[in-house]
Q: 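What follows is a structure written as C-alpha cells; I'll ask about it next.
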2 protein chains.
Amino acid sequence: MVFSVDDTWLLLDNQLCFALYATSRAVTKAYAPLLAPLGVTYPQYLVLLVLWEADGGTTPPGAPMTVGSLGGRLFLDSGTLTPLLKRLEAAKLVTRARSAEDERVVHVGLTAAGRKLRKKAEGIPAAMSCALGLNGDQIATLRDPLRKVLARLHQSSPAEEEVRD
Amino acid sequence: MVFSVDDTWLLLDNQLCFALYATSRAVTKAYAPLLAPLGVTYPQYLVLLVLWEADGGTTPPGAPMTVGSLGGRLFLDSGTLTPLLKRLEAAKLVTRARSAEDERVVHVGLTAAGRKLRKKAEGIPAAMSCALGLNGDQIATLRDPLRKVLARLHQSSPAEEEVRD
DNA sequence: CCTTATTAAATTGTGCCCAATAGAATTGCG
DNA sequence: CGCAATTCTATTGGGCACAATTTAATAAGG
C-alpha cells in the first residue's frame, strides 16, 4: 500500500500542529476547576504568575511591570492585555496607573488581595502535573522542545523588536 | 541556594502548560501567511482537513459528515462550529443542509471549490515542518506524547459521551 | 399512542486573540 | 528649538472558544 506524502501529511491525526492546538485547549479547560476558587481565567492566572514573580523575594522593587513588559513575557499585545487587565483591576487583584516619568507607560502592580491569592495558587502546578499524568522529568522533556519551537517561531516573526542580523 | 517546590513550579518559564499555550498560538500565527492564499483561518483549515479526509479516495460515500461528527474529530461544539461553518458556507467552500432522515442533524459537505482547494493546501504541511524546524521523526516524537496527554484529559473530562467504568 | 427523555444544532453571553489603526507622549536630529 | 520619527497604550473589528440555555426532532417507555 502506497500513500503519497501529501495524503499522509494532510491527515488530521498525523499533524503535530493539531495535537498542539487540541491539547492546549484541553489543558486550558483542565485549569478551569483549579482556577475557579481564585475567580480568574487561565490567561489572567498567567498575568498573576508574572506579577508574583516580579513581586518576589529578592530586592522587590526591581523595575515595575508594565503592559509592555507583561506582554513581553506572555507574548501578548495591548489589544489582549488592556481589557484583561481592566477585568483584573475590576476584580481588585491588580492596579493600573500611568507612569509619572513617562506618561505613555502604564504600571501594573498587585493589590494586597492579588498578592494574597498566591497562597491559594501554590497547589495548582502539582494538581496539573497529576491531571496531565506527567512527572517533573516528563514535563521538562515535553516543555523544552516546545520552547525551542517557540523560540524559532519568534525568531522568524519577532514580536515587533529590532531584528539583528 | 534552596527553592521551595512551589516557588520553582510557579515560575512561568518552568511551566509546560504555558509553553503549550504560547507555542500553540505562535503556530497558529505561523499558519496565517500559508493560509492567506486559500482565504481561510486555521480552525477553518482544520474543518477542511476533516472534510477532505471524509471525501477521500476509498468508497467516497461513507457516512456524510455532520456538525456533530466534525466536532468529534476537532473537539469543538456547535457553539464554535455553527458560526465557523456559516462563514465557510458564505465563502462557498462547504454546504450545510438538514438531513432528510433526521431533521436534527445538519450534513456538512464540500463544494467543488472546497474540494479544489485541497490542491493548494498540499504544500502546507511541508512548509510548516520547515517553519518549525522539525523533520518527520521529530514531529512524531513531539506529537505522540501530546496525544497521550490529550487522551488522558479527554478521559477525565469526556466530551459529553457516556463514561464507561 | 402519548408523554417523557434524549439528542442535535443553534443561540446567547463572556472572554480571549490578533491585526490594524488611532492618540498621546517622548526621542532624535537638523 | 522645532518637528519628524518612534514608542507605548488604547481602541476597533473580526473570528474563535466555551458554558449555558433554547428549540426542534426523535427515541423510549408505559
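For the numbers below, each heavy atom of this structure counts, side chains included, while hydrogens, waters and symmetry mates do not.
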Q: Got a sec, which residues hit side-chain hydrogen bond (donor to acceptor under 3.5 Å, both in side chains) with A:E89, two or more places apart in sequence or on another chain?
A: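 With sequence neighbours excluded, A:E89 shows a side-chain hydrogen bond (donor to acceptor under 3.5 Å, both in side chains) to A:R96, given in chain and number order.
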
Q: For a quick check of understanding: with a heavy-atom distance under 4.0 Å over all strands, which category does B:L76 fall into, base, sugar-phosphate or nothing?
A: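 The answer is sugar-phosphate, as B:L76 gets under 4.0 Å only of primed atoms, P, OP1 or OP2.
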
Q: Holding to side chain to side chain contact (heavy atoms under 4.5 Å, CB included), I want the full list of residues that pass it with B:T80, two or more places apart in sequence or in another chain.
A: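 Per chain and number, B:T80 pairs via side chain to side chain contact (heavy atoms under 4.5 Å, CB included) with B:L76, B:D77.
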
Q: Between A:S78 and B:V67, which residue's closest nucleotide on DNA chain C lies nearer the 5′ terminus?
A: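 Nearer the 5' end of the strand: B:V67.
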
Q: Sorted by first residue and then second, give each ring-ring contact (aromatic ring centres under 6.0 Å, His included) pair with at least one member in residues 120-143 of chain B; sequence neighbours left out.
A: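 For residues 120-143 of chain B, and leaving out neighbouring residues, there are no ring-ring contact (aromatic ring centres under 6.0 Å, His included) pairs at all.
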
Q: Among residues 85-98 of chain A, which residues get a heavy atom nearer than 4.0 Å to DNA chain C?
A: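 Within this stretch, A:R87 sit under 4.0 Å of the strand.
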
Q: Below 3.5 Å is the cut-off: list the nitrogen or oxygen pairs between protein and nucleotides 21-28 of chain D, distance only.
A:
{"unit_1": "D:dT26", "atom_1": "OP1", "unit_2": "B:E103", "atom_2": "N", "d": "3.2"}

Q: Taking salt bridge (Lys or Arg N to Asp or Glu O under 4.0 Å) as the test, write out the residues that go with B:R73, two or more places apart.
A: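 Salt bridge (Lys or Arg N to Asp or Glu O under 4.0 Å) check on B:R73 returns A:D13, B:E53.
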
Q: B:S99: which residues meet the side chain to side chain contact (heavy atoms under 4.5 Å, CB included) condition with it, sequence neighbours left out?
A: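 Side chain to side chain contact (heavy atoms under 4.5 Å, CB included) list for B:S99, sorted by chain: B:E101, B:D102, B:V105, B:H107.
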
Q: Does A:T66 place a side-chain N or O at less than 4.0 Å from the phosphate oxygens OP1/OP2 of D:dT9?
A: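 Indeed, a polar side-chain atom of A:T66 lies that close.
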
Q: Could you list the residues that satisfy side chain to side chain contact (heavy atoms under 4.5 Å, CB included) with B:T95, not counting sequence neighbours?
A: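 For B:T95, the residues satisfying side chain to side chain contact (heavy atoms under 4.5 Å, CB included) (neighbours in sequence not counted) are B:T111.
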
Q: With sequence neighbours excluded, what pairs up with B:Y21 under the ring pair (Phe, Tyr, Trp, His ring centres under 6.0 Å) test?
A: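 By the ring pair (Phe, Tyr, Trp, His ring centres under 6.0 Å) rule, B:Y21 matches A:Y42.
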
Q: So what does A:L81 touch, heavy atoms closer than 4.0 Å: a base, only the sugar-phosphate, or nothing?
A: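 The residue A:L81 makes no contact with any strand.
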
Q: If you find the nucleotide of DNA chain D closest to A:T82 and the one closest to B:T41, which residue's nucleotide is nearer the 5' end?
A: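 Its nearest nucleotide being more 5', the pick is A:T82.
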
Q: What residues, two or more places apart in sequence or in another chain, satisfy side chain to side chain contact (heavy atoms under 4.5 Å, CB included) together with A:S69?
A: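 Expected list: A:M65, A:T66.
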
Q: Does any N or O in the side chain of A:W9 come within less than 3.5 Å of the main-chain N or O of B:E122, such that one atom is a donor and the other an acceptor?
A: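 Absent.
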
Q: For residues 19-29 of chain A, which residues have at least one heavy atom under 4.0 Å from DNA chain C?
A: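 Hits under 4.0 Å, by residue number: none.
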
Q: Applying ring-ring contact (aromatic ring centres under 6.0 Å, His included), which residue pairs with at least one partner in residues 62-87 of chain B are found, sequence neighbours left out?
A: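 Qualifying pairs: B:F75-B:H154.
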
Q: For a quick check of understanding: with a heavy-atom distance under 4.0 Å over all strands, which category does B:G79 fall into, base, sugar-phosphate or nothing?
A: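 Base contact.
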
